[in-house]
Amino acid sequence: MKWWQDAVIYQIYPRSFQDSNGDGIGDIPGIISRLDYLEELGIDAIWLSPVYESPNDDNGYDISDYRAIHPEFGTMADMDQLIEEAKQRGIRIIMDLVVNHTSDEHQWFVEAKKGRDNPYRDYYIWRDPAEDGGPPNDLKSTFSGSAWEFDEASGQYYLHLFSKKQPDLNWENPKMRQEVYDMMNFWLEKGIGGFRMDVIDLIGKVPDEGITANGPKLHEYLQEMNRETFGNYDVLTVGETHGATPEIAKLYSDPERNELSMVFQFEHMTLDEQPGKSKWDLKPLDLPELKQVLAKWQTELDGKGWNSLFWNNHDTPRIVSRWGDDQEYLVESAQMFAILLHLMKGTPYIYQGEEIGMTNRPVTDLSQINDIESRNMYDERLAQGWSKKDILLSINAKGRDNARTPMQWDTTEQAGFTTGEPWLAVNENFDRINVEKSLEDSGSIFYTYQELIRLRKEHPLVVWGDFRLLAPDHPTVFAYERSYKGETWIVVANVSGRDIHVKLSKHSEKVVPMINNYMKSTYNLHSLELRPYEAFVAKRR
């Protein structure tokens, strides 16, 4: 067994977690000041979104120096202190690593732009113009427009699958790969707990053939990376792999292949999008479809890989606003989503504020939007003739700023996040949704998360049990069993805002909940009456 198999990971988006110096931007000393809170929650590791030197074109996912800390966040001494103080509390630090691309202000790219014969030129992907002088092909950037940017000085285009200030690295260059591995070992030697690998499925790209994800040499590169770096340490590695299927995920996380511990798959996260369209083109969630997708990942990876479990991260809207009810049934629906996820097989990830029920923050104007992806989409769709109202509807549903509003600590000004002006506006509901109130209320969402973490630590069934989906076609009830060494638990959730009656047993079968979000002492599986967003976990036999 690996330590990360029964661990619970907490993601911190540093800009928004805790500001220590009043400049409105969260920082590393701020995180250190909140470690006791995270220890009380019971988590085992912190996944830290990037804190490296960066011009912040994409909020730190454009790295200009992998071995330096951005001054907004503090110093390398602060980073060393965070690793040490977290360790004293039994918490590991997992660094977010972006090696598909760098910032255009990284020294490698500054050198590469000096000319075609520069030794760093081949660290990036350059191509001559097409016959008409335009881009080499029609590859598109995730952030809108062409993935090729013309460099007038050399007369060539460079590839950027994201912003033009994020040129893609050329993984075919062994010298570049070795520099990346040396940098990774620099961090591993500091005693970090591993890496979250940003868009790692893109490093094997073959742009001339239009291949971006899952290129032919991807797994060869990852096996080399494992040999040269983290394979020599007891750490967690999780790859962000947007297009992964269970078959592909097994290639990454089968322990015999020596690649990664696990991947983030996003199949369940795209179910409220219209097939074949962009993430901005919305459709209502179909619960049987969600159940089928999650059950598939639970069963097909069994024994040949490992699942990551998540509802939220820095790129996705808040689950309680997205598929729950962030008004009348905020507490119940947030607890319901927590129970559903944390009883599944895999390693759960909690995104900051999820454990207190933080919600999306709707905006009414472009001036309130920070995120480059949302801003680019706004401009692009406005030019295509979309109405401002429809564009904002999509941004309020799926925009990345929803997850990035500052952490809500208490009822003081700016929610206790900063004494200054925050870089992104605090959600106006901080007076009722905050850490201070959560800790004072024994029935709060926080204590549900704390109890779920305890169950995982104390019961091997939660970590190792088999998964079986129940009532797969029921339109509003999500129910499943976990079984291990003769013991079976049942997990039941009403994923709707109305009362539901359902039968999950052919005969009268009463169970006592270990955890639930309504004050009930028993449930009869033969005749279940479930309130809006009601959820429970009980031992079946």
Side-chain angles (χ1 to χ4, degrees), residues 2-4 9 11-12 14 28 45-54 58 60-70 73 76 78-80 82-84 86-87 92-103 105-109 120 122-124 166-205 215 217-241 251-253 255 257-264 308:
K2 300 285 192 182
W3 66 265
W4 39 263
I9 319 297
Q11 184 190 356
I12 287 180
I28 295 168
I46 292 167
W47 152 22
L48 196 62
S49 282
V51 290
Y52 315 96
E53 185 78 71
S54 167
D58 186 23
Y61 285 87
D62 49 320
I63 300 169
S64 54
D65 188 343
Y66 289 98
R67 301 190 195 213
I69 300 298
H70 196 297
F73 295 134
M76 189 60 82
D78 293 329
M79 189 70 221
D80 291 337
L82 173 61
I83 293 168
E84 185 52 40
K87 190 177 177 184
R92 303 170 199 241
I93 301 294
I94 294 160
M95 298 294 284
D96 207 328
L97 191 63
V98 190
V99 291
N100 173 69
H101 50 264
T102 68
S103 164
E105 296 181 33
H106 192 289
Q107 195 56 41
W108 297 345
F109 194 71
Y120 286 94
D122 196 40
Y123 276 37
Y124 296 88
Q166 293 169 291
D168 280 55
L169 287 165
N170 176 19
W171 274 78
E172 299 228 335
N173 182 334
K175 201 170 172 202
M176 188 284 298
R177 296 202 304 271
Q178 198 54 55
E179 287 223 47
V180 167
Y181 303 153
D182 289 348
M183 172 271 294
M184 291 171 71
N185 285 325
F186 164 82
W187 284 103
L188 288 161
E189 283 157 20
K190 283 184 175 289
I192 64 165
F195 294 108
R196 178 264 185 185
M197 317 288 293
D198 187 66
V199 294
I200 199 66
D201 55 340
L202 304 182
I203 65 170
K205 68 183 76 69
K217 290 187 178 175
L218 170 64
H219 296 284
E220 184 184 314
Y221 295 149
L222 288 174
Q223 287 166 11
E224 179 183 76
M225 182 189 286
N226 183 305
R227 277 196 309 276
E228 297 286 328
T229 65
F230 49 74
N232 305 305
Y233 296 82
D234 181 21
V235 294
L236 175 155
T237 50
V238 54
E240 182 191 26
T241 58
L251 297 177
Y252 292 100
S253 62
R257 289 176 54 84
N258 294 319
E259 292 188 22
L260 305 176
S261 312
M262 65 188 88
V263 297
F264 287 128
S308 63

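What you see is a predicted model; the values in this text were computed from it and never measured.
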*Residue list, salt bridge (charged side-chain N to carboxylate O under 4.0 Å, His left out) with E105, at least two apart or on another chain*: K165
*Taking atom types as modelled and ignoring hydrogens, do the side chains of S49 and Q11 form a donor-acceptor contact shorter than 3.5 angstrom?*
yes
*Evaluate the side-chain proximity of W3 to L236: yes if any heavy-atom separation is below 4.5 Å, no if none is.*
yes
*Could you list the residues that satisfy side-chain hydrogen bond (donor to acceptor under 3.5 Å, both in side chains) with Y66, not counting sequence neighbours?*
none
_Once ring-ring contact (aromatic ring centres under 6.0 Å, His included) is applied, do any residues pair with W47, and if so which ones, sequence neighbours excluded?_
F264, H314
_Within-4.5 Å side-chain heavy-atom neighbours: L260 and V238_ = no
*Sequence-distant partners of L82, side chain to side chain contact (heavy atoms under 4.5 Å, CB included), two or more places apart*: I28, I31, I32, L35, L48, M79, I93
*Distance-minimising heavy-atom pair for I200 and L222*: CG1-CD2, 3.8 Å
*Among all residues two or more places apart in sequence or in another chain, which pass the side chain to side chain contact (heavy atoms under 4.5 Å, CB included) test with K87?*
E84
*Determine, step by step, whether M197 and M225 satisfy the side-chain contact (heavy atoms from CB on, under 4.5 Å) criterion, reporting the C-alpha distance in whole Å, the side-chain angles of both residues, the deciding distance to 0.1 Å, and the verdict.*
CA-CA 12 Å; M197 317 288 293; M225 182 189 286; 3.5 Å; yes
_Just verifying a value: how many Å separate S261 OG and R196 CZ, rounded to the nearest 0.5 Å?_
14.0 Å
*Set of salt bridge (charged side-chain N to carboxylate O under 4.0 Å, His left out) partners for R227, sequence neighbours left out*: none
*Just jot down the salt bridge (charged side-chain N to carboxylate O under 4.0 Å, His left out) partners of K2, sequence neighbours excluded, or say none.*
none
*Which value, rounded to the nearest 0.5 Å, describes the distance between F195 atom CZ and M184 atom CE?*
4.5 Å
*Out of curiosity, Q166 CD to Y61 OH, how far, rounded to the nearest 0.5 Å?*
11.0 Å
*Going by atom types alone, do D168 and N100 pair a side-chain donor with an acceptor below 3.5 Å?*
yes
_Test of understanding: with salt bridge (charged side-chain N to carboxylate O under 4.0 Å, His left out), list the residues that count as partners of R92, not counting sequence neighbours._
none
*Mind checking side chain to side chain contact (heavy atoms under 4.5 Å, CB included) for N185 and listing every partner two or more places apart, or none if nothing turns up?*
L188, E189, T229, Y233
*Using the test ring-ring contact (aromatic ring centres under 6.0 Å, His included), find all partners of Y124 that sit at least two apart in sequence or belong to another chain.*
F109
*Partner set under side chain to side chain contact (heavy atoms under 4.5 Å, CB included) for S54, not counting sequence neighbours*: N56, D62, H70
*asked:* Y252 vs H219, test: ring-ring contact (aromatic ring centres under 6.0 Å, His included). Steps then yes/no.
replied: CA-CA 7 Å; Y252 292 100; H219 296 284; 4.9 Å; yes
_Is it true that N258 and N226 share a donor-acceptor pair across their side chains at a distance under 3.5 Å?_
no
*What residues form a side-chain hydrogen bond (donor to acceptor under 3.5 Å, both in side chains) with D182, not counting sequence neighbours?*
Q178
*asked:* Regarding Q107 and Y120, do their side chains bring together a donor and an acceptor under 3.5 Å, going by distance alone?
replied: no
